[in-house]
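We're numbering straight along the sequence, starting at 1. Remember, it's 1-based here, ligands and their atoms both numbered in the order they're listed.
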Amino acid sequence: MTSSHPSTEFSDTISAIVENHVMLITINNPPVNAISASVRQGLMAALDQAATSDIIQGVVITGAGSTFVAGADIKEFGQPVTEPTLPQVTERLANFNKTIIAAVNGAALGGGAEIAIACHGRVASGKSSFGMPEVKLGLVPGAGGTQRLPRLIAADLALDIIGTGRTLKSTESLAAGLIDELTDEDNLIVCAKNASLKPAAKRVTPHYDAQKFANIKTGILRKSRGQNAPLKAVELVELSQQLDLSQGLGQERQIFLQLRDSDEAKALRHVFFAERTAKKPAMLEGVSPEDIKILGVVGMGLMGSGIIVSALNAGYQVIGVEQTEEAALAGHQRILNILEKNLQSGRLNREGFERQKKALIIAGTLESLAPADLVIEAVFDDFDVKAKLFQALDQIVRASAILATNTSYLNPNDIAAATIYPQRVIGMHFFSPAHIMRLVEVIHTSHSSLEAVASGFAVANKLKKLPILSGVTEGFIGNSIFSAYRREAEFLLEDGALPHEIDAALEDYGFAMGLFAVYDMAGLEIAWAKRKREALNRDPQLRYVKIADQLCELGRFGQKSGLGWYQYTQGKREIDPVVTELIAAARREKNITPQSFTKEQIQERLLQAMQAQGNLLLQTGIAASASDIDLVMINGYGFPSHKGGPMFASGAFD
Ligand code: T1G
């Protein structure tokens, strides 16, 4: 909204215009109006002028561009604090001598939400959203959020927002009383200005449902898995109901400063910036992806149907192909079931549901893929099957179309070499369930053109996935590190540890579930089949642990067979003395005197195994950066994000 009145620059990120007795302050710190020192200093300077001016009767604060304020400038963390601090700014806003209204034009996150709730009122557009994602950075809101939010809205909802870091859309914010007025973008500033010329509204702290509060608290504590920030968030919101505001703010400040320099916060900051860096791989700088509109997916099993649902969610037209009519119907039903679930859970509205159903074509012949711009295969992980499929597609799709293999363990170089245009073949390694798991390893073969790789990357981004570039090696980044860590875990078994001890050490470290429990859940037979295939070429010099094979030879394939590394009674996992004895026998056979290991020793050995493989992937150029490796292990293999990933944990970023 332009004005004929002069704009005053209060810093290089803060400007203000005074018109009709209202000062409109704009925060302009691209790309997301993060609250840097310049923003804080500029805001205070503008408020100084407004406070003493006789002309100015009201103040409005808004953000330039499509974001209101995305929070404190995370890049400033770890540096010396520059005054004024954000708590000083929000304190000033809350106690300002004239009505201040936040005109929330977009995302108000963390410190941005704290600025908005410190104002005397909030007018927002439909594009606005509110969130306090500090716990995702190992922090708590540090500028009044934990004390002012539970006084503005129901404390149970405040606890949910602060403890989980979830974001509220504009309509939910209005219903919660977080915003006073919801208007369209064109009227946002006018409505906010009108509100600023009225006395600040008197607010009554809304009642809250104590049972709901308790349930939300339990959920947050259960999911925290060793993270400290969520526990502190709960503590502070509870204190907001017991202490007066200034005491509560004092407690909040103390806890915020403790957390800010914690290892957990450093690890989560590493993950935050690692994700931003991974979005822009140097290898693809300046490379334009193909314009992909129509996606083809061959194979509509668990993986294929998950990929199709992600593609429909992203707005692609999708052609799904199966070998038989029966398999195509089963796959179609699987996809419809997921879409139905999304509809019932509110993740999808009716209009979206119908649109996605319409955007999907199911076919029983490969020829129907002719119009596809990119085809992803998710068929049985066998070389001949995949090579034959791509050779058939060579005759069907146009030469510039991209072919992507979802293989986990086969060599995409060989698959590409079997085709007419190997430069258009890439790997796109999804993780199951593919409509939920964020990670996609985008594989560049020795033949792949940069355009083909960039196209796979762009598609993965549009699917709202986290694409990570990987070169070709057995198991790419994730599975090769997972194999190294699994191997070390089995060495630990022979050396004296037991499956439940190793799992307990991993869960203590922050994994949702230990390795052997995960194995039993996934089933032991697939890895066994692979080990049997590899047995002929295995280097007899290398240490090999036979225990897993012996379990399978005994028909112990995991949870579904009731027996695996553990025994399962009515689904309950229990230590099985048969396995304990099997392990003892394996040690005796190799004359190994068992040692006892502390959980820290177990954690250290497994971390070192991951880091050693990670370093190998960096040396061989398979992984572009250590932070990419961390993101793969966090988003694909359950590595606790508040530990930063195996490479971060090794001090690679100190
Ligand atoms: N500080 C510094 N840089 C930030 C930033 C921030 N808060 N948020 C984003 N960026 C950079 C990011 O690194 C990237 O840079 C560019 O902006 C675009 O981001 C006291 C202490 C807002 C939803 O946790 O969730 O307030 O890579 O790629 O996908 O209580 O960014 O281009 O150089 O993510 O459109 C709390 C963090 C801070 C929100 C936009 N706030 N940001 O997503 O773009 S702690 C957050 C986001 C706090 C107070 C406490 C997202 C976004 P580059 P992007 P996007």
### Message
For atom 23 (C) of ligand 1, which of the options Leu109, Ile35, Thr67 provides the nearest non-hydrogen atom?
### Response
Leu109

## Note on the structure
Rounded to the nearest 0.5 angstrom, the CG-SG distance for Asp180 and Cys191 is 11.5 Å

### Query
Going by atom types alone, do Glu185 and Asn105 pair a side-chain donor with an acceptor below 3.5 Å?
no

### Task
Please confirm whether Lys462 makes a cation-pi placement over Tyr316, using NZ or CZ under 6.0 Å from the six-membered ring centre and within 45° of the ring normal.
yes

### Summary
protein heavy-atom neighbour closest to atom 18 (C) of ligand 1 works out as Pro31 CG, 4.0 Å

### Message
Under a 4.0 angstrom heavy-atom cut-off, which atoms of ligand 1 come close to Val32?
### Response
4 (C), 5 (C), 8 (N), 9 (C), 10 (N), 17 (O)

### Message
Classify the ring geometry of Phe648 against His270: parallel below 30°, tilted from 30° to 60°, perpendicular beyond 60°.
### Response
parallel

### Task
Report, in ascending order of atom number, the atoms of ligand 1 lying under 4.0 Å from any heavy atom of Leu137.
24 (O), 38 (C), 45 (S)

### Task
Within a distance under 4.0 Å of any heavy atom of Phe256, pick out the atoms of ligand 1 and give their elements.
21 (C)

### Query
Which is closest to atom 25 (O) of ligand 1 in terms of heavy atoms, Arg276, Lys136, Lys464?
Arg276

### Query
Can you find a heavy atom in the side chain of Phe10 that is under 4.5 Å from one in the side chain of Asp48?
no

### Query
Aromatic ring centroids of Phe431 and Tyr637 under 6.0 Å?
yes

### Query
Is there a protein heavy atom at a distance of less than 4.0 Å from atom 13 (O) of ligand 1?
yes

### Message
Taking the side chain as everything from C-beta on, heavy atoms only, tell me whether Ser129 gets closer than 4.5 Å to Lys169.
### Response
no

### Message
Can you tell me if Pro133 contacts ligand 1 (heavy atom of the residue under 4.0 Å from the ligand)?
### Response
yes

### Message
With a 4.5 Å cut-off on side-chain heavy atoms, are Lys98 and Met23 touching?
### Response
no

### Backbone or side-chain N or O of Ala70 under 3.5 Å from ligand 1 N or O
yes

### Task
Closest by any non-hydrogen atom to atom 53 (P) of ligand 1: pick that one out of Lys279, Lys280, Lys75.
Lys280

#### Entry: Pro141 near ligand 1 by a heavy-atom separation under 4.0 Å
yes

### Query
Does the protein place any heavy atom closer than 4.0 Å to atom 28 (O) of ligand 1?
yes

